[in-house]
Amino acid sequence: MTTTKKHKWNFENIGGSTRVKITTGADLVHLDQLDPKMWTVLSCPASGLDIADKSLQYIDTDNDGKIRVNDIIATAQWMTSAIKNADLLLKQADNIDIKLFNTEDSIGKRLYNSSQQILANLGKEGETISLTDTKDIAAIFAKTQFNGDGVITELTTNDLDEKAAITAAIATMGGILDRSGENGVNADIIEKFYQALNDYVAWNEAAIEAPYGADTEKAIEAYNALDAKVKDYFVRTRLASFAPESATTLDVQTSRIETISADNLTGRTDEIASYPIARISNKPELPLDTSINPAWAGKFNTLISIVKPQEKVLTEEAWTNIGATFAAYTAWKTAKKGSEIESLGLDTIKKLIADDKKQALMDLVAKDLALKEEAESIEMVDKFLHIYRDFYRLVRNFVTFHDFYDKNKKVNAIFQSGRLIIDQRECRMCMKVNDMAKHNATAGTSGMYLVYCDCTTKISPAKLSIVAAVTVGDIGDLIVGKNAIYYDNEGVVWDAVITKIIDNPISIGQAFWSPYRRVAVSIENLINKNAANKDAALMKDIDTKINTAPTTAPAAADAKATAQPFDIGKFAGIFAALGMAVGMIGTALTSIFQGIFKLEWWQLIAAFIGIMLAISGPAMVMAWLKLRRRNIAPLLNANGWAINAASKISIPFGETLTDIAKFPKLKLKDPYAKKGMPIWKKWTISLAALTVVLAALWLVNLFAWAKLPSPLPCFHKDKVEVVESVETIETIETTATTETEQTGDATATE
């Protein structure tokens, strides 16, 4: 198709970003005009996605294991040129009416002709071809005599001699699989087969008579086994003749025999075989009546019984002559050719040569190869149908992430591998982990709460690693080691166990309680740590006291001498300190509660909300910022994708990626619930508790505002001081008045 006219693209907002909208066949035709900077994905793996690997391999035009922009464009041009209407690709069907092929195009013409041939070979009526028809290539060629692969079978010919030659060649040279699924032969096998036939006959006709008849092979085998040992013997005898004093040293050493004498000698044959074949003398000859090393006696006696030497001693020259007697026979045996076809028997081999069907078989191979292009076109139909079904879905997940952001929960992106059921929720945002090291490096930047799991199933021996995004619910029960169930897209059930967690906010509500949860965890850890330390210290102290305890009890007099007298002053000081502490705490609580009681009801609510926001506010703000930045690009990048645009997960969209179990609101009775307490007992406990609380509040002087002061003296210290001050002032005023009166009287008298 001609694509010179500039195409007008439509756009849509997907995942918070503007992206190209691929909705028509014309969009696919003009993909080469789309600026690569506008593509969401620049490359992705050619396997492991929710698309048939065979389809991905067909689209991977350069077979490098990656699907890139150029592969998508090349495939789009190939597909749209082969059909009359590019909109057909949007149907994602696995079959096509062959009349829809564009026969004016060379590719469409080949696909049309090959589809006709496939339907004819399968004996199908109609003009619709599907992936089911091309799934089994062997079935397509099962009834055909020639299929273009250059391999012929017994079914290729009706000539009995030709069939016999093909059968013999397969049996001896090994066959090659034909497209029909049958074993056959090609030109190379035929050439080697007839060469082997001629070589074997030629070798057989040049046969050398065996010098010892049927026992020749036994003699050769024994001679070859003994040759080095016998020659070693003659070297030792010559050396002993040269230096007679060395004869004992060259002979078998008694000390070596003593070393192994205590063992089971049947297991020490290797040691015994290392001794000389016979006792060493200073004569370079081997008497045939002498004792032979037990490890070599069997083969030596076999050889001598076959060769039958004339002399009673065996010299080195005589030993060499024995080998020369079957040298020519050995050379002929070594030069053997055509052993591959020897099992056929000499008569059958000669008959195959006489029939000479080599050229006839070669002609059949040539006739088969003449249909090579047509047969390869049949495989092209399978390629077309795979891409015809899966290409548009790949484009939607490559140019844009349309499927990932689809509102229909049944529609999944090609990188979503299944569903994880855990903690009463279903996580739909799951993908396979191809490289854990890369995920460790980049997954945290996604801003999502991620759960990594190892999955196993009886169906597959291989372990599967996945990562799931948790976007709804609480996280209190999600811990490493927790078990779950994973369903892949094929419906296979896997046992999953959490191996790693990347902690990021799930929601603002969950972030609100996170400070309190962290404080609770810290307190719990601190309590556990202190309890463990105290327990360890206590046990250590007990062990020390037990280990250092005296064997006899100390005398009573010593006990009295060490007893400390009761110090009432010390205990009085302790009680005074405790009273002061209680007073200070009570004063502080009084100040707090007095301040609270002075507030209006709405001021109390505002103060409570302010305190909560001061604690949870920072965590909520940080969670809000992280939730806005959630992005799946780091996860895809770790799996080998090249992402060209941000793919954010907003708060509303994130809530659609995880489903929480929802139970109906019913009033159901628990048969194992604890029986309730009698009403009178509840009232008694409640009144007692209320009395204790009111008494405590009274003791800490919280009811002073109601003219019910605390009886504790610590709360009346200030009043006593004030009274004393008032009395002092009154005394001063009385004294002054008296003095004035006395002065006045004195004046009157004068």
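Residues Asn183 and Thr153 fail the side-chain proximity criterion, which asks for heavy atoms closer than 4.5 Å. Side-chain contact check for Asn204 versus Val201: every heavy-atom pair is 4.5 Å or farther apart. Proximity of Leu364 to Thr157: side-chain heavy atoms (C-beta onward) are separated by under 4.5 Å at one or more points. In this structure the side chain of Asn440 reaches within 4.5 angstrom of the side chain of Lys500, judged on heavy atoms. With a 4.5 Å cut-off on side-chain heavy atoms, Val151 and Asp368 do not count as touching. Between Thr456 and Leu464, the closest side-chain pair of non-hydrogen atoms is not below 4.5 Å. Counting only heavy atoms from C-beta outward, the side chains of Leu90 and Thr23 never approach each other to under 4.5 Å. Within the 4.5 Å cutoff, no side-chain heavy atoms of Ser465 are placed close to those of Met436.
A salt bridge between Asp382 and Lys54 is present, with a side-chain N of the basic residue lying under 4.0 Å from a carboxylate O of the acidic one. Residues Glu340 and Lys192 are not paired through a salt bridge, judged by the lack of any N-O separation under 4.0 Å between the basic side chain and the carboxylate. Using a cut-off of 4.0 Å between Lys/Arg side-chain N and Asp/Glu carboxylate O, Asp454 and Lys463 are scored as salt-bridged. Using a 4.0 Å cut-off between a side-chain N of Lys or Arg and a carboxylate O of Asp or Glu, Lys124 and Asp133 qualify as a salt bridge. Between Lys358 and Glu191 there is a salt bridge, with a side-chain nitrogen of the basic residue lying less than 4.0 Å from a carboxylate oxygen of the acidic one. Comment: Glu154 does not engage Lys163 in a salt bridge, judged by the lack of any side-chain N to carboxylate O separation of less than 4.0 angstrom.
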*Could you give me the CA-CA distance, side-chain angles and deciding distance for Tyr200 and Leu346, then say whether side-chain contact (heavy atoms from CB on, under 4.5 Å) is met?*
CA-CA 9 Å; Tyr200 183 81; Leu346 186 59; 3.9 Å; yes
*Steps toward salt bridge (charged side-chain N to carboxylate O under 4.0 Å, His left out) verdict (Glu426, Arg419)*: CA-CA 6 Å; Glu426 177 183 283; Arg419 301 170 293 124; 2.9 Å; yes
*Would Leu49 and Cys44 count as a side-chain contact (heavy atoms from CB on, under 4.5 Å) if you check the C-alpha gap in whole Å, the side-chain angles of each, and the deciding distance to 0.1 Å?*
CA-CA 9 Å; Leu49 305 179; Cys44 71; 4.1 Å; yes
*Hey, mind stepping through Arg393 and Asp50 against salt bridge (charged side-chain N to carboxylate O under 4.0 Å, His left out) and telling me if it holds?*
CA-CA 10 Å; Arg393 186 179 180 212; Asp50 191 31; 3.1 Å; yes
*Would you check, one step at a time, whether the test salt bridge (charged side-chain N to carboxylate O under 4.0 Å, His left out) holds for Glu104 with Lys109?*
CA-CA 7 Å; Glu104 295 181 1; Lys109 181 68 174 176; over 6 Å; no
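With sequence neighbours excluded, no residue forms a ring pair (Phe, Tyr, Trp, His ring centres under 6.0 Å) with Tyr112. For the salt bridge (charged side-chain N to carboxylate O under 4.0 Å, His left out) test, residues two or more places apart in sequence or in another chain that qualify with Asp659 are Lys409. Lys357 meets the side-chain hydrogen bond (donor to acceptor under 3.5 Å, both in side chains) test with no other residue; sequence neighbours excluded. Not counting sequence neighbours, the partners of Trp641 by the ring pair (Phe, Tyr, Trp, His ring centres under 6.0 Å) test are Phe415. Tyr58 is linked by a ring pair (Phe, Tyr, Trp, His ring centres under 6.0 Å) to His386, counting only residues two or more places apart in sequence or in another chain. Residues passing the ring pair (Phe, Tyr, Trp, His ring centres under 6.0 Å) test with Tyr405, sequence neighbours excluded: Phe653. Residues satisfying the side-chain hydrogen bond (donor to acceptor under 3.5 Å, both in side chains) test with Lys351, not counting sequence neighbours, are Asp355. Applying the side-chain hydrogen bond (donor to acceptor under 3.5 Å, both in side chains) test to Tyr452 and every residue at least two apart in sequence or in another chain returns His439. Looking at residues two or more places apart in sequence or on another chain, you find a salt bridge (charged side-chain N to carboxylate O under 4.0 Å, His left out) between Arg396 and Asp403.
Sorted by first and then second residue, the salt bridge (Lys or Arg N to Asp or Glu O under 4.0 Å) pairs involving residues 68-83 (not counting sequence neighbours) are Asp64-Arg68. Legend: ring-ring contact (aromatic ring centres under 6.0 Å, His included) pairs involving residues 70-102, not counting sequence neighbours, sorted by first then second residue: Phe101-Phe384.
Note that the CD1 atom of Ile129 and the CD1 atom of Ile98 stand 7.5 Å from one another [nearest 0.5 Å]. A distance of 5.0 Å separates CG of Leu352 from CZ of Phe193, quoted to the nearest 0.5 Å. Atom CD1 of residue Ile83 and atom CG of residue Leu111 lie 10.5 Å apart, to the nearest 0.5 angstrom.
Counting non-hydrogen atoms of other residues, nucleotides and ligands closer than 6.0 Å to NZ of Lys336 gives a total above 12. Within a 6.0 Å sphere centred on NZ of Lys482, heavy atoms belonging to other residues, nucleotides or ligands number more than 12.
Between the side chain of Lys66 and the backbone N or O of Gly640, at least one donor-acceptor pair lies under 3.5 Å. Put simply, the side chain of Arg19 never gets that close to the backbone of Phe401: no donor and acceptor are under 3.5 Å apart. Formation of a donor-acceptor pair under 3.5 Å by the Gln77 side chain with backbone atoms of Ala74 is not found in this model. No donor-acceptor distance shorter than 3.5 angstrom exists from the side chain of Asp406 to the backbone of Val411, with no hydrogens or angles considered. At least one donor-acceptor pair closer than 3.5 Å links the side chain of Asp87 to the backbone N or O of Gly25. A distance-only check finds no donor-acceptor pair linking the side chain of Asn504 to the backbone of Tyr449 [under 3.5 Å]. No donor-acceptor distance shorter than 3.5 angstrom exists from the side chain of Arg630 to the backbone of Ser446, with no hydrogens or angles considered.
Side-chain contact check for Thr457 and Tyr486: no donor-acceptor pair (N or O, by modelled atom type) lies under 3.5 Å. No side-chain N or O of Gln117 forms a donor-acceptor pair with one of Asn113 less than 3.5 Å apart. Under the 3.5 Å distance criterion, with hydrogens and angles disregarded, a donor-acceptor pair is assigned to the side chains of Asp199 and Gln195. For the 3.5 Å distance criterion, the side chains of Lys438 and Asn639 fail to qualify, holding no donor opposite an acceptor.
In this structure, Val381 and Thr134 approach most closely via the heavy-atom pair CG1-CG2, 3.9 Å. Nearest heavy atoms, Phe391 versus Ile72: CZ-O, 3.6 Å. Taking every heavy atom of both residues into account, Ser130 and Asn95 meet most closely at CB-CB, 3.6 Å. Here the closest heavy-atom approach between residue Leu361 and residue Ile152 is recorded as O-CD1, 3.7 Å. Across every non-hydrogen atom of Ile643 and Val41, the tightest pair is CD1-CG2, 4.1 Å. What you find for Thr40 and Ser647 is that their closest heavy atoms are CG2-OG, 4.4 Å.
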Which pairs of donor and acceptor atoms, one on a side chain in residues 7-14, lie under 3.5 Å apart (sequence neighbours left out)?
unit_1: His7; atom_1: NE2; unit_2: Asp27; atom_2: OD1; d: 2.7
unit_1: Asn13; atom_1: OD1; unit_2: Gly16; atom_2: N; d: 3.3

